[in-house]
Amino acid sequence: MSMKTASQALEILLAHAIPSPLGEMVSLQESLGRVLAQDLVSSVNVPPMDNTQMDGYVLRAQDITEEGIVITVTQRIPAGYVGQPLQAGTAARIFTGASIPPNATAVVMQEDCEVIGKPSESGIGYQIKVNHIPKSGEWIREKGEDIREKSIVLQAGTYLRPQELGVAASAGMTQLMVKKRIKVALFFTGDELTLPGQALKPGGIYNSNRDTLIACVRALGCHYTDFGIVPDTLDATRNTLRAAAKEHDLIVTSGGVSVGEEDHIKPAVTAEGQLDMWQIAIKPGKPLAFGSVRRESESSAWFMGLPGNPVSSFVTFLLFVRPFILALQGREQRHDPYVLLESNFDWLRPDKRNEFLRVKIRQDGKLDLFPNQSSGVLTSAAWGDGLADIPPGQIVRKGDKIRFIPFNQLLHG
């Protein structure tokens, strides 16, 4: 059977990822990193009135036909106050954010005005020479310029970052309806694995995938349960799958997705649900398992099995598990987060698979390559800023433009 391309595998995954309709109301402060469950409609205009962008003098633009005209300051309008209708040939001293009084049509910055005389105790009663001919609307923020009343300001599916919370606050919101958090169960197979902090047994290695994948899941705003290292037996694997399926939307495992005698994921998931074993034409990472595990309630939890090599596990999570989780969350589908950057390396022995090389951005904006691209060298991912996406069979020479996918986009964006 031929291997699937990354895009073919992703298309199948996203076709299965139906967002949950469930939502919950949370405070604005608690909604950071959540996904909006319904359109946010503003009940107010922002700004609620015409106001000034600058400290200066508000006047009628038609009164200033040439530079040097002298007019009288008859009002003083700080922010939070509403002025009286402006009479012809007069101006009001105004401060940033203050309401534009009726009849006024422009603001002239204080730097473009020359004060003549001394203000009274009330701050008015003096004249200014206007050394700038304003246009109508100059330095005025119009009512509703940012947000119109009854308009949709944030759409359902929006991932809520600090700036989206600011928009919601501008619309006067204190609570938002957000999607329920996706619940992810994780466990890891391999009798050779040891948790950090424990003594390494003969032939053992520390389990780096556990902390890497848990951090990836947390970065996507999911709840998670760590079922730890599961013994390499069919019964233990089946028992853990049943326990994980009870209260989780997705089960993610690392290791055991090959076809060796000690790889029990395939028979265990097949016995507890259904499973497709895929060979993906990517490097690092080739084996990927996708399926579901039955619950007693006749529903099921999704299952995704990743390879055990640390870089393979990390890259396949970013390329496949991440977009699957985003789709389950009901997030807006965005374009691939890549940019074209110049290579500072040669890659002259390409693979027949789509390669994802760990690279780092230099100060000049070019990409350096980590010297050891083995799937077991996790330091390449810690050193790098992202992945260079190299199509099958493509040679890369210094100076070539290649697709660069930044880690910060893949983990948060």
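We're numbering straight along the sequence, starting at 1. The structure presented is a predicted model; accordingly, all values stated were derived computationally and were not measured.
- Looking only at atom types and distance, the side chain of W347 has no donor-acceptor partner in the side chain of Q394 under 3.5 Å away.
- Residues V167 and L154 approach most closely at CG1-CG, 4.3 Å, considering heavy atoms.
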Would you give me the side-chain donor-acceptor pairs under 3.5 Å for residues 313-321, sequence neighbours excluded?
from	atom 1	to	atom 2	distance (Å)
T316	OG1	S312	O	2.6
T316	OG1	S313	O	3.1

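- Between the side chain of K360 and the backbone N or O of W383 there is at least one donor-acceptor pair closer than 3.5 Å.
- Residues passing the salt bridge (Lys or Arg N to Asp or Glu O under 4.0 Å) test with D235, sequence neighbours excluded: none.
- The two residues E145 and R141 come nearest to each other via the heavy atoms OE1-CA, 3.6 Å.
- Around the CZ atom of R218, the shell of radius 6.0 Å holds no more than 12 heavy atoms that belong to other residues, nucleotides or ligands.
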Under 3.5 Å, sequence neighbours excluded: what are the donor-acceptor pairs made by side chains of residues 174-187?
from	atom 1	to	atom 2	distance (Å)
K179	NZ	S20	O	2.7
R181	NH1	G221	O	2.8

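- Contacts of T225 classified as side chain to side chain donor-acceptor pair (under 3.5 Å), with partners at least two apart in sequence or in another chain: H248.
- Every pair passing salt bridge (charged side-chain N to carboxylate O under 4.0 Å, His left out) that includes a residue from residues 381-401 is listed here, sequence neighbours excluded: D389-R403.
- Using a 4.5 Å cut-off on side-chain heavy atoms (C-beta onward), E30 and L28 make no contact.
- At a threshold of 4.5 Å between non-hydrogen side-chain atoms, the residues L410 and I405 count as touching.
- Remark: M173 CE to S27 OG distance equals 12.0 Å, nearest 0.5 Å.
- Contact record, F227 with A244: CZ-CA, 3.7 Å, taken as the closest heavy-atom pair.
- Nearest heavy-atom pair, P231 versus T237, reported as atom, atom and distance to 0.1 Å: O-OG1, 4.0 Å.
- In the displayed structure, Q8 atom CD is contacted under 6.0 Å by more than 12 heavy atoms of other residues, nucleotides or ligands.
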Under 3.5 Å, side-chain donor or acceptor atoms of residues 43-50 against the rest of the protein: list the pairs with distances, not counting sequence neighbours.
from	atom 1	to	atom 2	distance (Å)
N45	OD1	E149	N	2.9
D50	OD1	K143	N	2.6

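- Here the side chain of T212 pairs no donor or acceptor atom with the backbone of N209 at under 3.5 angstrom.
- Panel note: side chain R294, backbone S292; no donor-acceptor pair is recorded below 3.5 Å.
- Looking only at side-chain heavy atoms (C-beta outward), Q110 and R93 come within less than 4.5 Å of each other.
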Tell me, with the steps shown, if I265 and T189 meet side chain to side chain contact (heavy atoms under 4.5 Å, CB included).
-> CA-CA 9 Å; I265 290 295; T189 64; 4.1 Å; yes

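- Within the 4.5 Å cutoff, side-chain heavy atoms of L357 are placed close to those of L369.
- Closest of all the heavy-atom pairs between Q75 and I124 is C-CG2, 3.4 Å.
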Passes side chain to side chain contact (heavy atoms under 4.5 Å, CB included), S380 versus N372? Steps please.
-> CA-CA 7 Å; S380 64; N372 188 340; over 6 Å; no

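- The salt bridge (Lys or Arg N to Asp or Glu O under 4.0 Å) search around D112 returns none, not counting sequence neighbours.
- Within the structure, every pair that satisfies the side chain to side chain donor-acceptor pair (under 3.5 Å) test and touches residues 96-105, not counting sequence neighbours, is listed here: D55-T96.
- Under the ring pair (Phe, Tyr, Trp, His ring centres under 6.0 Å) criterion, H16 pairs with F290, W302, sequence neighbours left out.
- Counting heavy atoms of neighbouring residues, nucleotides and ligands inside a 6.0 Å radius, atom CD of E247 does not exceed 12 of them.
- At most 12 heavy atoms of other shown residues, nucleotides or ligands fall within 6.0 angstrom of atom CD in Q274.
- A heavy-atom distance below 4.5 Å is not found between the side chains of Y57 and I71.
- Checked against I280 for a side-chain contact (heavy atoms from CB on, under 4.5 Å), the options L288, T5, L10 give a single hit: L288.
- A donor-acceptor distance shorter than 3.5 angstrom exists from the side chain of D351 to the backbone of R353, with no hydrogens or angles considered.
- Residues meeting the salt bridge (Lys or Arg N to Asp or Glu O under 4.0 Å) test with D39, sequence neighbours left out: none.
- With S151 contributing its side chain and V153 its backbone, the two residues share no donor-acceptor pair below 3.5 Å.
- A search for salt bridge (Lys or Arg N to Asp or Glu O under 4.0 Å) contacts involving R242 returns E272, not counting sequence neighbours.
- A donor-acceptor pair is defined here as one N or O able to donate and one able to accept, closer than 3.5 Å; no such pair exists between the side chain of R358 and the backbone of G386.
- The main-chain N or O of G228 is found under 3.5 Å from a side-chain atom of D226 such that the two form a donor-acceptor pair.
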How far apart are the C-alpha atoms of E342 and N344, what are their side-chain angles, what is the distance that settles it, and do they pass the side chain to side chain contact (heavy atoms under 4.5 Å, CB included) test?
-> CA-CA 7 Å; E342 187 175 327; N344 190 52; over 6 Å; no

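- R331 contributes atom CZ, which lies 12.0 Å from atom CG of L328 (distance to the nearest 0.5 angstrom).
- Annotation: side chain to side chain donor-acceptor pair (under 3.5 Å) contacts involving residues 77-88, sequence neighbours excluded, are absent.
- The cationic group of R34 does not satisfy the cation-pi geometry with Y159, failing either the under 6.0 Å distance to the six-membered ring centre or the 45° limit from the ring axis.
- By the 6.0 Å contact criterion, CG on L22 is enclosed, its count of non-hydrogen atoms from other residues, nucleotides or ligands being greater than 12.
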Side chain to side chain contact (heavy atoms under 4.5 Å, CB included) assessment of L341 paired with I361 = CA-CA 9 Å; L341 294 180; I361 302 177; 4.1 Å; yes

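- The two residues I251 and A245 come nearest to each other via the heavy atoms CD1-N, 3.9 Å.
- A salt bridge does not link K135 to E138: none of the charged side-chain nitrogens sits closer than 4.0 Å to a carboxylate oxygen.
- Residue Q163 qualifies as enclosed at atom CD: its count of foreign heavy atoms under 6.0 Å is above 12.
- Atoms CG and OG1, from L213 and T253 in turn, are 9.5 Å apart once rounded to the nearest 0.5 Å.
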